[in-house]
2 protein chains.
Amino acid sequence: MSEDAEVARERVIESLEQSAEVYGLSRSAGRIYGVLYFATDPLSIPELVERTGYAKSTVSNVTRTLTRVGLIRRRSSDGGGRRVRFTAEREVWFIVQDVFQQYVYRELQTTHREIRRAERGLGDAGGADDAGGVEAERIRELRETYADLREIVELVSDLSAAELRDALESYER
Amino acid sequence: MSEDAEVARERVIESLEQSAEVYGLSRSAGRIYGVLYFATDPLSIPELVERTGYAKSTVSNVTRTLTRVGLIRRRSSDGGGRRVRFTAEREVWFIVQDVFQQYVYRELQTTHREIRRAERGLGDAGGADDAGGVEAERIRELRETYADLREIVELVSDLSAAELRDALESYER
DNA sequence: TGATTCGTTCGGCTTGAACCGAACAGAGCG
DNA sequence: CGCTCTGTTCGGTTCAAGCCGAACGAATCA
């Protein structure tokens, strides 16, 4: 690797470290992902230890987290004995979709359900009269909002990045 | 407020507390937003202290954060003496847009710039020969991805929730 | 002008996250 | 069977965040 390439690589990885922090991951996660992003072959934990400088235990924990989130993949299958090897998911859009699916959608769903539950325990008693029902109105508002957001997220995570961009660009108000 | 309404309100507020945590805010932020969400009038800090049970200093700090993020609004202007009063932004879509604009877009922009900078320090020397340029290729890939994401976020934050939903639903692949 | 009320700021406590080193369990190899 | 290498787990340390109470400056009111 040329000197320039090494410098550039390091800059990008530092950027990724920072991004990781913004999105609620640790710096180590950003660096490990970055190293894997540039690696031409899958890397094992000892290799990651050597290239990142982090302790083995840290690498073990962080790779587990990154795998769960979907940023990296674990190839324990193919040859090389006992070694577990990791590769980066480089299709960033997949990662974004995963996050939306796993976290955002899930959160929206949970909250939406909770709101409907609260609303139900209200509608039965209150019934027809809408007096004193500021709460009921506010809860209804919130429920509708969450339903909207849920649907939007659902639709978005069904499209590729290019499709989404296309859908947005071609939309005429 | 009826007994039922009180219970329902509390349930929803607890949900918001939890949501706040998911999105990287504190529980106190969720509760304070929730109390303001249901309040019919703007509330001052002492009133929030009374209704949330948090210390005055906590309320002061949290309200500042919430104001900065755009989840609540500060009305120091109109009458009522020195009191600062807060109202919740109940149009959740505005909040989402703000977050995208303030945090996501900003992060994408910063990283994108950093990547282009790294790429520039590379292209000049490497030039035409693409040998040994795995790094260059990877960086180019990443730059394009970030450009795409940036544009998507930009387009999204220009639409209302209804428009976005419409755009997605009416899109034919 | 005191006295009170309001909002901010400061120092301290507690808790949880990030990271480390060491100990451990299993698989392959001599 | 030892020995080595791998990956996980466990305790410990450090540091930042959340929250509190107290102190403070500014404004209002008696």
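Because the structure is a prediction, the values reported are computed rather than measured. Just so we're on the same page: letters track the sequence lines, and every chain starts at 1.
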Please report, rounded to the nearest Å, how far the [atom2] atom of [N] is from the [atom1] atom of [X].
X       : N      : atom1 : atom2 : answer
B:Arg74 : C:dT8  : CZ    : C1'   : 10 Å
B:Leu43 : C:dC6  : CG    : P     : 13 Å
A:Arg85 : D:dG7  : CZ    : P     : 10 Å
B:Arg64 : C:dC10 : CZ    : P     : 10 Å
A:Leu66 : D:dG7  : CG    : P     : 15 Å
A:Glu21 : C:dC19 : CD    : P     : 9 Å

Beyond-backbone contact of B:Leu43 with B:Val35, side-chain heavy atoms, under 4.5 angstrom
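Yes, close enough: below the 4.5 Å cut-off.
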Among [options], find the nucleotide with the atom closest to the side chain of [X].
X       : options               : result
A:Tyr54 : D:dG21, D:dT8, C:dC19 : C:dC19
B:Thr58 : D:dG7, C:dG7, D:dC19  : D:dC19
B:Ser60 : D:dC10, C:dG7, C:dC10 : C:dG7

Is a side-chain N or O of A:Ser157 found less than 3.5 angstrom from the main chain of A:Glu154, in a donor-acceptor match?
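Yes; at least one donor-acceptor contact below 3.5 Å.
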Is there a donor-acceptor contact under 3.5 Å from the side chain of B:Tyr33 to the main chain of B:Glu17?
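The answer is no, because no donor-acceptor pair under 3.5 Å joins these two groups.
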Using distance alone, with no hydrogens and no angle criterion, decide if A:Ser26 and A:Glu21 have a side-chain donor and acceptor under 3.5 Å apart.
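Side-chain D/A pair, A:Ser26 to A:Glu21: absent.
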B:Thr111-A:Ser19 side chain donor-acceptor pair, cut-off 3.5 Å
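Looking only at side-chain atoms, A:Ser19 and B:Thr111 do form a donor-acceptor pair, the distance falling under 3.5 Å.
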Does a side-chain N or O of B:Arg83 approach OP1 or OP2 of D:dT28 to a distance below 4.0 Å, or not?
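No, no such contact exists.
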Side-chain N or O of A:Ser26 versus OP1/OP2 of C:dC19: is the shortest distance under 4.0 Å?
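The answer is yes; a side-chain N or O of A:Ser26 sits under 4.0 Å from OP1 or OP2.
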Starting from the 5' end of DNA chain C, give me the residue, B:Lys56 or A:Leu25, whose nearest nucleotide shows up first.
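Counting from the 5' end, the first nearest nucleotide belongs to B:Lys56.
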Output the residues of residues 27-41 of chain A in contact with DNA chain C, where contact means a heavy atom of the residue under 4.0 Å from an atom of the strand; sort by number or write none.
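By residue number: A:Ser28.
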Face-on cation placement of A:Arg75 at A:Phe86 ring, 6.0 Å and 45° thresholds
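Verdict for A:Phe86: no cation-pi partner in A:Arg75.
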Within the supplied structure, the quantity of interest is the number of heavy atoms (other residues, nucleotides, ligands) at a distance under 6.0 Å from B:Arg106 CZ; does it exceed 12?
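Counting other residues, nucleotides and ligands, CZ of B:Arg106 stays at 12 neighbours or fewer.
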